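Presented below is the structure to which this report refers.
Because the structure is predicted, anything quoted here is derived from the model rather than measured.
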Amino acid sequence: MKKNIQLQPKPSQELSNWKWIVPVSFILTWSSGAIFVKLGLEYANPFTFVFLRFLLSTILLWGICLTIRTTYPKTVKEWGYIVVTGLLLQAGYQIFYFTALDQHMSPGILAIILGAQPIITAFFGETKTRYYQWFGLFLGLSGLILVVADNITKPNFTLYSLISAILCLVCITIGTFMQKKIQISQPINMAIQYSGGLLIILMLLPFFGGWHVQWNSTFLLSLFWMAFVISVGASMILYFMIQKGNLTNVTSLLYGVPPVTALMDYIIFKNQLSLVACLGMAFIIIGLFLINKQGKVV
C-alpha cells in the first residue's frame with residue numbers, strides 16, 4: 001500500500017508567499033504620514049516639526065546601532081557618499097517639500113509633480129521596462145491626478161514654489177538611485193543620513209519661522225508616530241525595497257499612497273470621497289498590477 005507523500009514547501013517558497021506584506025506595510029504606514037503631519041502642524045511650524053522628528057529618529061537609530069554593534073563605513077568616501085545621499089533623500093526632500101507648500105502650491109499639484117518620479121526612474125533605470133509597465137506607469141499617474149483633483153486649486157502658486165517642487169522631485173529621484181548602491185546595514189546607513197539632515201535643518205530653522213511648538217498629547221502622538229513609525233519604520237522598509245528590488249517597481253508603490261491617505265482621511269476626518277477620486281483609485285490599482293507583473297519590490 002502506497003503512502004501519500006506530502007511535499008513540504010521550501011523555505012524560499014514560503015518566504016516568497018509572504019513578500020507581499022512588505023510593500024503593503026509600506027503603503028499603509030507611509031500613507032498615514034499625511035494624517036499625522038496634518039495633526040502635528042496645528043501645534044508647530046513645519047521646520048520645528050521636522051527638526052524634532054529628525055532629532056528623535058536620529059537618537060533612536062544611533063541607539064539601535066550601538067545595541068546591535070553594527071559595522072560602520074570604512075572609508076571617508078563611503079561616509080561622504082552616505083551623507084550626500086541622506087542630504088538628498090532626507091533634508092533636501094523635506095526642505096523643498098515644505099517650501100513648495102509654504103509658497104502656496106496646493107498638495108494636489110505637488111503630488112502630481114512628484115508622481116513623475118516612477119516614470120523618470122523607469123526611463124533612466126538600468127532594468128528594461130516592458131510596454132505594459134509603461135502603460136501601467138501612465139495609468140497610475142492618471143489615477144493620481146484624479147485622486148488629488150479635488151485638491152488642485154487655480155495655478156496661483158509662485159515661480160519659487162514651482163522651483164521648490166521640481167528640486168524636491170530631483171532630490172528624491174537622484175537620492176533613490178544613490179541609495180540603491182549602498183549595501184551596508186540600514187540602521188547605520190539611516191543614522192548617518194539622519195544626522196546630516198538634522199544638522200542642515202538645525203542651521204535653517206532660524207530662517208524658516210524659528211522655534212514654535214505647543215506641547216500637548218495630540219502633538220506628541222503626531223511627533224512620535226512620524227519620528228518612529230514613519231521616519232524609522234516605514235523608511236527602513238523603503239530602503240530595504242530599494243536595496244533588494246527593482247527601482248521602477250519600488251517607486252511605483254508611491255502611486256498607492258494618495259488613495260490610501262484619502263481613505264484614511266475619509267475614515268478619520270469624515271472628508272468625503274468623490275466618484276472621480278474612486279475612479280482614480282481604480283486606475284492606480286490596475287496600474288500597479290501592470291507595473292509589478294515584471295520585476296520585484298523585494
Side-chain angles (χ1 to χ4, degrees), residues 15-35 106-152 165 168-169 172-173 176-177 180 230 234-235 237-269 271-298:
L15 182 62
S16 64
N17 292 336
W18 290 93
K19 282 186 177 180
W20 62 271
I21 292 180
V22 177
V24 170
S25 299
F26 168 74
I27 292 175
L28 289 176
T29 52
W30 201 262
S31 300
S32 69
I35 303 297
S106 71
I109 293 179
L110 182 56
I112 292 171
I113 292 173
L114 295 178
Q117 186 198 356
I119 296 174
I120 296 172
T121 302
F123 188 80
F124 289 102
E126 297 177 355
T127 306
K128 182 180 179 181
T129 303
R130 306 284 182 177
Y131 70 91
Y132 55 81
Q133 288 180 299
W134 281 112
F135 180 68
L137 286 167
F138 286 104
L139 194 62
L141 182 59
S142 301
L144 173 63
I145 294 172
L146 293 177
V147 169
V148 302
D150 292 338
N151 292 320
I152 298 177
C168 183
L169 173 62
I172 192 172
T173 303
T176 300
F177 278 114
K180 180 69 174 176
I230 304 299
S235 294
I237 295 174
L238 175 61
Y239 280 24
F240 172 76
M241 292 190 296
I242 289 174
Q243 188 179 67
K244 300 293 184 181
N246 179 278
L247 287 182
T248 300
N249 297 76
V250 173
T251 56
S252 71
L253 296 176
L254 297 175
Y255 283 151
V257 172
V260 175
T261 300
L263 286 173
M264 291 180 177
D265 195 37
Y266 170 74
I267 295 171
I268 297 172
F269 297 108
N271 291 324
Q272 296 299 313
L273 281 172
S274 66
L275 290 176
V276 172
C278 293
L279 178 63
M281 292 179 188
F283 279 15
I284 289 172
I285 291 172
I286 297 171
L288 287 175
F289 172 77
L290 291 173
I291 295 166
N292 289 285
K293 282 181 66 177
Q294 179 78 17
K296 61 178 184 175
V297 292
V298 289

Checklist entry - Do the non-hydrogen side-chain atoms of L290 and R130 ever get within less than 4.5 Å of each other? => result no

Next on the checklist: Using side-chain heavy atoms (C-beta onward) and a distance below 4.5 Å, is M281 in contact with L263?
Outcome noted: yes

Item to check | Within-4.5 Å side-chain heavy-atom neighbours: L238 and V250 | outcome: yes

Next on the checklist: Enumerate the salt bridge (Lys or Arg N to Asp or Glu O under 4.0 Å) contacts for residues 258-269, please, sequence neighbours excluded, ordered by first and then second residue.
Outcome noted: K38-D265

Item to check | Straight-line distance of I120 CD1 to F177 CZ, nearest 0.5 Å | outcome: 8.5 Å

Checklist entry - Which residue pairs pass the side-chain hydrogen bond (donor to acceptor under 3.5 Å, both in side chains) test with at least one member in residues 111-123, sequence neighbours excluded? => result Q117-T176

Checklist entry - Are the side chain of K180 and the backbone of G245 linked by a donor-acceptor contact shorter than 3.5 Å? => result yes

Checklist outcome for this item: Hits for side-chain hydrogen bond (donor to acceptor under 3.5 Å, both in side chains) against T261, two or more places apart or cross-chain, chain-then-number order -> none

Next on the checklist: Could you tell me if the side chain of W134 sits less than 4.5 Å from the side chain of F123, heavy atoms only?
Outcome noted: yes

Next on the checklist: Keeping T248 on the side-chain end and P118 on the backbone end, is there a donor-acceptor pair under 3.5 Å?
Outcome noted: no

Next on the checklist: Taking L144's backbone N and O only, do any of them form a donor-acceptor pair with Y255's side chain (distance below 3.5 Å, no angle check)?
Outcome noted: no

Checklist entry - Can you find a pair of side-chain heavy atoms, one from T173 and one from T251, that are under 4.5 Å apart? => result no

Checklist entry - Side chains of F26 and L254: closer than 4.5 Å at any heavy-atom pair? => result yes

Checklist outcome for this item: Distance col, row I284:CD1 vs L279:CG, nearest 0.5 angstrom, shows 10.0 Å

Next on the checklist: Can you tell me if F138 has over 12 outside heavy atoms packed within less than 6.0 Å of its CZ?
Outcome noted: no

Next on the checklist: If you count every heavy atom of other residues, nucleotides or ligands that lies below 6.0 Å from Y132 atom OH, does the total exceed 12?
Outcome noted: yes

Checklist entry - Under 3.5 Å, is there a donor-acceptor pair between the side chain of S32 and the main chain of T29? => result yes

